[in-house]
Protein chains: 2
Amino acid sequence: MSSLDLAFAALADPTRRRIVARLTRGELRVTDLAQPFAMSLNAVSKHVKVLEGAGLVRRRREGREHYLRLRAAPLREVARWTSQYERFWNQRLDALGAFLDKQTENDDEGSQ
Amino acid sequence: MSSLDLAFAALADPTRRRIVARLTRGELRVTDLAQPFAMSLNAVSKHVKVLEGAGLVRRRREGREHYLRLRAAPLREVARWTSQYERFWNQRLDALGAFLDKQTENDDEGSQ
DNA sequence: CAAACATTCAACCTTTTGGTTGAATAATAC
DNA sequence: GTATTATTCAACCAAAAGGTTGAATGTTTG
């Protein structure tokens with residue numbers, strides 16, 4: 001699996017996106033992360049492992065506690081891949097613009 | 001499933017990302033899309049349906065042929081979600097910058 | 001040392017995913 | 001009107017995903 005595959009797959013789950021969002025505030029332990037979710041700690045632990053596997057999260061062990069922090073690199077990769085298409089959607093807007101211009105042209109013709 | 005879930009999940013598969021990439025060139029039929037892939041036409045047809053379900057692709061039927069074209073909206077949604085974290089990764093770079101500045105400061109101290 | 005805590009591991013279950021093959025449907029071409 | 005072409009539908013399969021529970025592993029605390 002490519003790193004882009006892993007990043008997109010990791011971010012496809014809403015629980016994991018919420019985890020990512022919460023980690024922008026700073027480091028949190030697995031238990032802290034699990035607290036607001038209506039699922040077992042084990043389930044959250046698994047989600048964290050998926051994020052870790054995608055490189056989105058880094059783990060720092062301190063005694064029995066594991067502190068997680070966000071790694072931005074995979075998010076940048078996703079942003080980079082996606083932004084290829086900015087060109088495309090601007091182009092579509094341009095095409096719409098050209099179409100509207102054409103319409104206006106025709107309106108002018110009609111009024112002559 | 002939220003539209004963001006669907007978009008991320010759809011883009012997590014490399015075959016589907018390749019399909020998206022090819023569709024920036026313009027409309028293609030299912031058969032055209034399937035041609036370069038080492039899998040059955042049926043498999044590609046399924047992938048197209050996933051992309052369609054995520055709103056990334058729109059289908060136009062013309063006789064027995066189905067023409068697919070790219071819809072940019074979900075890509076924009078993904079870009080928008082991801083760009084929230086631009087702030088975050090710039091901040092990390094800033095933190096690195098501050099760290100390096102601090103190092104330099106200490107170097108100066110040492111040289112006094 | 002014993003109890004409590006933070007976390008993972010392992011086994012299990014159900015649903016989804018990504019692929020296959022074979023048949024159905026519908027439009028086109030000869 | 002019979003092939004051929006474009007596509008989907010349906011059934012099936014293996015593997016992965018997302019969850020559960022229960023036990024194991026370490027670490028901290030009393």
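Quick note: numbers below take in every heavy atom, side chains included, and nothing from hydrogens, waters or symmetry partners. Here is the naming used below: chain letters follow the sequence lines, and residue numbers restart at 1 for every chain.
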Taking 4.0 Å as the cut-off, does a side-chain nitrogen or oxygen of B:Ser45 come that near to OP1 or OP2 on D:dT8? yes

From CE of A:Met39 across to P of D:dT21 the rounded distance in Å is 13 Å

Taking C:dT7, D:dA6, C:dG19 as options, the one with an atom nearest any side-chain atom of B:Thr15 is C:dG19

From CG of B:Asp5 across to P of D:dG18 the rounded distance in Å is 10 Å

Here the distance between atom C1' of D:dA6 and atom CG of B:Asp32, to the nearest Å, is 11 Å

Practice prompt. Show the numbers, then the answer: is there a side chain to side chain contact (heavy atoms under 4.5 Å, CB included) between B:Leu11 and A:Val78?
Written response: CA-CA 10 Å; B:Leu11 295 173; A:Val78 167; over 6 Å; no

Whole-Å distance, A:Leu41 CG to C:dC5 P, equals 13 Å

Considering only heavy side-chain atoms of B:His47, the closest of D:dT7, C:dA6, C:dG18 is C:dG18

Value for CD (A:Gln35) from CZ (A:Arg29), rounded to nearest 0.5 Å, stands at 10.5 Å

To the nearest angstrom, the NE2-C1' distance between B:His66 and D:dT5 comes to 12 Å

The answer to which of A:Ala43 and A:Met1 contacts DNA chain D further toward the 5' end, by nearest nucleotide, is A:Met1

Exercise. Look at the side-chain N and O atoms of B:Ser40 and state whether any lies under 4.0 Å from the OP1 or OP2 oxygen of C:dT20.
Key: yes

From CZ of A:Phe8 across to P of D:dA17 the rounded distance in Å is 17 Å

- Task: Answer yes or no: does atom CZ of A:Arg60 have more than 12 heavy-atom neighbours from other residues, nucleotides or ligands under 6.0 Å?
- Result: yes

What does A:Arg61 touch in the nucleic acid at a heavy-atom separation under 4.0 angstrom: a base, only the sugar-phosphate, or nothing? nothing

- CZ of B:Arg80: more than 12 outside heavy atoms within 6.0 angstrom? no

request  = Carefully, step by step, assess A:Arg18 and A:Phe37 under the rule side chain to side chain contact (heavy atoms under 4.5 Å, CB included).
outcome  = CA-CA 10 Å; A:Arg18 278 183 64 194; A:Phe37 292 107; 3.4 Å; yes

Classify the side chain of B:Asn42 and the base of C:dG18 as holding, or not holding, a donor-acceptor pair under 3.5 Å.
no

Here the distance between atom P of D:dT7 and atom CD of B:Glu52, to the nearest Å, is 12 Å

By nearest-nucleotide position on DNA chain D, the 5'-leaning member of B:Lys46 and A:Gly63 is B:Lys46

Here the distance between atom P of D:dT7 and atom CZ of B:Arg59, to the nearest Å, is 9 Å

Practice task
Remember a base hit wins even if backbone is also touched, and classify A:Lys49 as base, sugar-phosphate or nothing at under 4.0 Å, heavy atoms.
Solution key: sugar-phosphate

| said: Once hydrogens and angles are ignored, does a donor-acceptor distance under 3.5 Å link the base of D:dT5 to the side chain of B:Arg64? | reply: yes

